[in-house]
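Numbers restart at 1 for each chain; the letters A, B, ... are given by sequence-line order, proteins then strands.
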2 protein chains.
Amino acid sequence: MGDPRVTDAFATYLRSHNLPVTEQRLAVADVVLSADEHLSAEEVETRLAGRGVSVGTATVYRTLDVLVKSGLVVERDFGEGFRRFESARGMPHHEHLICTVCGQVAEFRDERLERMTTLVAEAHGYVRQRHRLVIYGVCAKCRG
Amino acid sequence: MGDPRVTDAFATYLRSHNLPVTEQRLAVADVVLSADEHLSAEEVETRLAGRGVSVGTATVYRTLDVLVKSGLVVERDFGEGFRRFESARGMPHHEHLICTVCGQVAEFRDERLERMTTLVAEAHGYVRQRHRLVIYGVCAKCRG
DNA sequence: CTCATTGCAAAGGATTTGCACTAAT
DNA sequence: ATTAGTGCAAATCCTTTGCAATGAG
């Protein structure tokens, strides 16, 4: 279930770091890396259950941490009170647009932000590391 | 303690909405509205205690909600795992710059963002409501 | 065989809620 | 008098941790 190529990168990462390659880790990685939504830890667990695989909550969180450290997954915080995880998929930095009615998430890129935030940071004596922009609005479907 | 003028606006709001004007509400409002930092609920409670006023945790949270609804206070989420509250002080929308070492927060404004986010939202079929931009970096002091 | 991972349940931190009690209007 | 607010403790939600059992290398 799932494209083996997506989890291969994680298995390689684990081996090169002398970390055990376990069934649970590969299962979590497969769910997150092959999803195209931004999943919460709970959603990951539910999807695993849906596949008949049962992975403990603690292991899901622990594996998500490893995935984030590996760089294969990016952590997101949309201010919902919990975190979401998204496959990095080699996709460059991008911003999010969230529907405040249904929660639908759209993504976009704007290279100007990189430059703009660097300049603003400098002007305040900071050295920029990263930025996060989230736009809240109502999607077309919810205005139907 | 504290400038009565800052809490007057809140008292007026409460009366105009037929909500009881209580000592606790005014105390919480005074702490948040006269602070120039972004306070967490716990910090608000600590400051109240420092003034010799004791307000229950639940009441602090409940009052912060009312303050946010009144528009006098704005809620912030810097991804720390808890919320912060900032006086709106008639200040227009602004963005935040956060030092990832010491947590120091700087603020800035950029009117271009308003227009830019509106256009991006439109391009994706959304009607923009608001946006939030946070830049993470290291401040001058922490590099010193 | 050895050491890291797993699962479960308990612990944690932030925030909310139920409820008897008190205060505002 | 009414009605809403208050404090406390219990409950909730998301996440982390302790620990004995298990599995990878």
Side-chain angles (χ1 to χ4, degrees), chain A residues 7-8 10-32 38-49 51-70 73 75-85 103, chain B residues 7-8 10-32 38-49 51-70 73 75-85 103:
Chain A
T7 49
D8 272 0
F10 189 45
T12 301
Y13 171 86
L14 292 172
R15 289 198 198 89
S16 71
H17 287 253
N18 295 309
L19 297 171
V21 177
T22 67
E23 201 187 308
Q24 291 91 331
R25 280 177 170 167
L26 295 181
V28 171
D30 187 46
V31 165
V32 180
H38 303 70
L39 303 175
S40 64
E42 194 185 11
E43 286 167 344
V44 171
E45 209 174 336
T46 305
R47 294 200 179 194
L48 286 167
R51 296 182 178 192
V53 186
S54 167
V55 179
T57 309
T59 298
V60 170
Y61 278 102
R62 285 187 284 229
T63 304
L64 287 170
D65 281 351
V66 180
L67 279 163
V68 169
K69 280 195 195 102
S70 79
V73 164
E75 192 182 327
R76 304 286 181 195
D77 180 354
F78 296 146
E80 300 167 291
F82 55 86
R83 293 172 290 162
R84 288 184 175 279
F85 300 85
Chain B
T7 50
D8 273 0
F10 189 46
T12 301
Y13 171 85
L14 291 171
R15 289 200 198 87
S16 71
H17 288 253
N18 294 311
L19 297 172
V21 177
T22 68
E23 201 186 308
Q24 292 90 328
R25 282 178 168 167
L26 294 181
V28 171
D30 188 46
V31 164
V32 180
H38 303 71
L39 304 175
S40 64
E42 193 185 11
E43 287 168 343
V44 170
E45 207 174 339
T46 305
R47 294 202 180 194
L48 286 166
R51 296 181 179 193
V53 186
S54 168
V55 178
T57 309
T59 299
V60 170
Y61 279 102
R62 285 187 283 231
T63 304
L64 287 170
D65 281 351
V66 181
L67 278 163
V68 169
K69 281 195 195 104
S70 79
V73 165
E75 193 182 327
R76 303 289 180 191
D77 179 355
F78 296 145
E80 302 168 290
F82 53 85
R83 292 172 291 164
R84 289 183 175 279
F85 299 85

Problem set entry | Shortest side-chain distance from B:R25, nucleotide among C:dA4, D:dG5, C:dT15 | D:dG5
Problem set entry | B:E42, nearest nucleotide to its side chain (from D:dT15, C:dA14, C:dT25) | C:dA14
For this session: Ignoring backbone atoms, establish whether B:S40 has a side-chain N or O less than 4.0 Å from OP1 or OP2 of C:dA14.
Result: no
Problem set entry | Side-chain N or O of A:R62 closer than 4.0 Å to phosphate OP1/OP2 of C:dT6 | no
Problem set entry | Phosphate OP1/OP2 of D:dG7 contacted by B:Q24 side-chain N/O (<4.0 Å) | yes
For this session: Using atom CD of A:E80 as one end and atom C1' of C:dT15 as the other, report the distance to the nearest whole Å.
Result: 16 Å
For this session: Measure from CG on A:L39 to P on D:dT15 and round the result to the nearest Å.
Result: 13 Å
Exercise. Closer than 4.0 Å, any side-chain N/O of B:T59 to the OP1 or OP2 of D:dG7?
Worked result: yes
Exercise. Rounded to whole angstrom units, what separation is found between the CD atom of B:E45 and the P atom of D:dT6?
Worked result: 13 Å
For this session: Figure out the CD/P separation between B:E75 and C:dA14, and round it to whole Å.
Result: 15 Å
Problem set entry | Minimum side-chain heavy-atom gap B:F82-B:E43 below 4.5 Å | no
Exercise. Reckon B:Y61 has a side-chain N or O less than 4.0 Å from the OP1 or OP2 of C:dT16?
Worked result: no
For this session: Report yes if some heavy atom in the side chain of A:P20 is under 4.5 Å from a heavy atom in the side chain of A:R25; otherwise report no.
Result: yes
Problem set entry | D:dT15 phosphate, OP1 or OP2, under 4.0 Å from A:T57 side-chain N/O | no
Seminar exercise, completed: When rounded to whole Å, the CG to C1' distance for the pair A:D77 and D:dC14 reads 12 Å
Problem set entry | Side-chain N or O of B:R83 closer than 4.0 Å to phosphate OP1/OP2 of C:dT16 | yes
Exercise. Does any donor atom in the side chain of B:T63 or B:Q24 lie under 3.5 Å from an acceptor atom in the other side chain?
Worked result: no
Seminar exercise, completed: Between B:A41 and B:V60, the two heavy atoms sitting closest are O-CG1, 3.9 Å
Exercise. Between D:dT15, C:dG7, D:dA4, which nucleotide has the shortest distance from any of its atoms to the side chain of A:A41?
Worked result: D:dT15
Problem set entry | Atom pair distance, as rounded to whole Å: CD in B:E23 and P in C:dT25 | 12 Å
Seminar exercise, completed: To the nearest angstrom, the CG-P distance between B:N18 and D:dA4 comes to 10 Å
Exercise. With nearest nucleotides of DNA chain C determined for B:L19 and B:F85 from heavy-atom distances, which residue corresponds to the more 5′ nucleotide?
Worked result: B:F85
Problem set entry | Heavy-atom pair of closest approach, residues B:F78 and B:R84 | CD1-CD, 3.8 Å
Exercise. Between C:dT17, C:dA24, D:dG25, which nucleotide gets closest to the side-chain atoms of A:V21?
Worked result: D:dG25
For this session: Could you state the atom-to-atom distance from CZ of A:F82 to P of D:dT16 in whole Å?
Result: 15 Å
